[in-house]
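Right, one structure below, let's go through it.
Along the sequence shown, residues carry numbers from 1.
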Amino acid sequence: MKKIYISQPMRGRSTGDIIAERKRLMADAAAALQVDDVEVLDTYRGAYTTKHPLTLLAWTLEKMADADAVIFAPDWRDARGCRVEHFAALQYDILILYGRR
């Protein structure tokens with residue numbers, strides 16, 4: 001089993017849309033890695049609020065450190081947190097996958 005980190009924009013989206021996209025990204029990751037099952041590192045907190053967005057980003061980057069691969073939602077470039085996560089994955093040689101629309 002491979003541990004997968006999902007990077008996806010969440011601002012302004014419904015919980016249902018986010019969860020549906022996560023399911024698609026899980027399937028995309030399993031197919032790309034040619035495995036039957038993946039463990040998604042849990043970083044979705046619904047309507048999570050924090051004093052500063054960097055607090056949440058720091059927490060998610062810590063989770064990413066345990067990942068075998070990171071899969072990015074198709075519109076990842078539209079979210080600053082996703083762009084930071086992409087940069088971190090590149091810099092720390094974490095396998096990068098891209099989800100389909």
Side-chain angles (χ1 to χ4, degrees):
M1 182 179 307
K2 298 286 187 177
K3 292 181 183 178
I4 304 300
Y5 179 94
I6 295 175
S7 180
Q8 70 183 136
M10 294 186 195
R11 182 179 294 197
R13 298 179 66 197
S14 73
T15 299
D17 287 344
I18 291 168
I19 292 171
E21 183 175 58
R22 291 178 78 77
K23 288 179 182 178
R24 285 191 307 274
L25 291 168
M26 287 171 50
D28 288 350
L33 295 170
Q34 299 178 344
V35 296
D36 292 330
D37 199 16
V38 294
E39 175 187 346
V40 175
L41 298 172
D42 185 19
T43 58
Y44 178 60
R45 292 290 178 244
Y48 182 87
T49 59
T50 182
K51 292 181 181 179
H52 199 286
L54 280 175
T55 303
L56 183 56
L57 182 60
W59 177 74
T60 61
L61 287 172
E62 184 176 359
K63 294 283 189 173
M64 185 193 291
D66 291 332
D68 295 307
V70 179
I71 188 162
F72 288 86
D75 53 352
W76 69 269
R77 288 178 183 88
D78 298 335
R80 64 184 175 192
C82 293
R83 291 191 304 266
V84 170
E85 292 167 345
H86 192 267
F87 181 78
L90 284 171
Q91 295 302 306
Y92 291 93
D93 296 320
I94 301 172
L95 178 65
I96 294 175
L97 306 171
Y98 298 98
R100 58 185 167 81
R101 287 206 181 273

Practice item. Measure the CG-CZ distance between Asp78 and Arg83 for me, rounded to the nearest 0.5 Å. Key: 8.0 Å
Point to revise | Within one Ile-Leu-Val-Met-Phe-Trp-Tyr cluster: Ile71 and Leu41, side-chain cutoff 4.5 Å | key: no
Review point. Going only through I, L, V, M, F, W and Y residues with side-chain contacts under 4.5 Å, is there a path from Phe72 to Met26?
Key: no
Exercise for review: For residues Ile4 and Leu33, determine if any side-chain heavy atom of one lies less than 4.5 Å from a side-chain heavy atom of the other.
Suggested key: yes
**Study point:** Sub-4.5 Å side-chain heavy-atom contact between Glu21 and Pro74
**Key:** yes
Revision key, fill the gap. Nearest heavy-atom approach of Pro9 to Ala73 is CD-CB, 4.1 Å
Revision key, fill the gap. When every non-hydrogen atom of Asp68 is compared with those of Met1, the smallest separation belongs to OD2-O, 4.4 Å
Check your understanding: Is it the case that more than 12 heavy atoms not belonging to Arg13 sit under 6.0 Å from its CZ atom?
Key -> yes
Point to revise | Shared hydrophobic cluster, Trp76 / Leu61 (ILVMFWY, side-chain heavy atoms < 4.5 Å) | key: yes
Check your understanding: If you look at every heavy atom in Asp42 and Lys63, which pair is closest and at what distance?
Key -> O-CE, 3.9 Å
Point to revise | Minimal non-hydrogen separation, Leu97 against Ala32, with atom names | key: CD2-CB, 4.0 Å
Practice item. Verify the neighbour count for atom CG of Asp36: are there more than 12 heavy atoms of other residues, nucleotides or ligands below 6.0 Å? Key: no
Exercise for review: Determine whether Trp59 and Val40 fall in the same hydrophobic cluster, where Ile, Leu, Val, Met, Phe, Trp and Tyr are linked whenever their side-chain heavy atoms lie under 4.5 Å apart.
Suggested key: no
Study note, to complete from the structure: Per side-chain contact (heavy atoms from CB on, under 4.5 Å), Glu85 is matched among Thr43, Val70, Leu57 by Leu57
Review point. Should Gln8 and Ile18 count as side-chain neighbours, where that means a heavy-atom distance under 4.5 Å?
Key: yes
Review point. If you draw a 6.0 Å radius around OH in Tyr92, do more than 12 non-hydrogen atoms from other residues or ligands fall strictly inside?
Key: no
Practice item. Following the transitive rule for hydrophobic clusters with a side-chain heavy-atom cut-off under 4.5 Å over Ile, Leu, Val, Met, Phe, Trp and Tyr, establish whether Met64 and Ile96 coincide in one cluster. Key: yes
Review point. Between Asp66 and Lys3, does at least one N-O distance fall below 4.0 Å, as a salt bridge requires?
Key: no
Check your understanding: Counting only heavy atoms not in Glu62, do more than 12 fall under 6.0 Å of its CD?
Key -> no
Point to revise | Sub-4.5 Å side-chain heavy-atom contact between Leu56 and Met10 | key: no
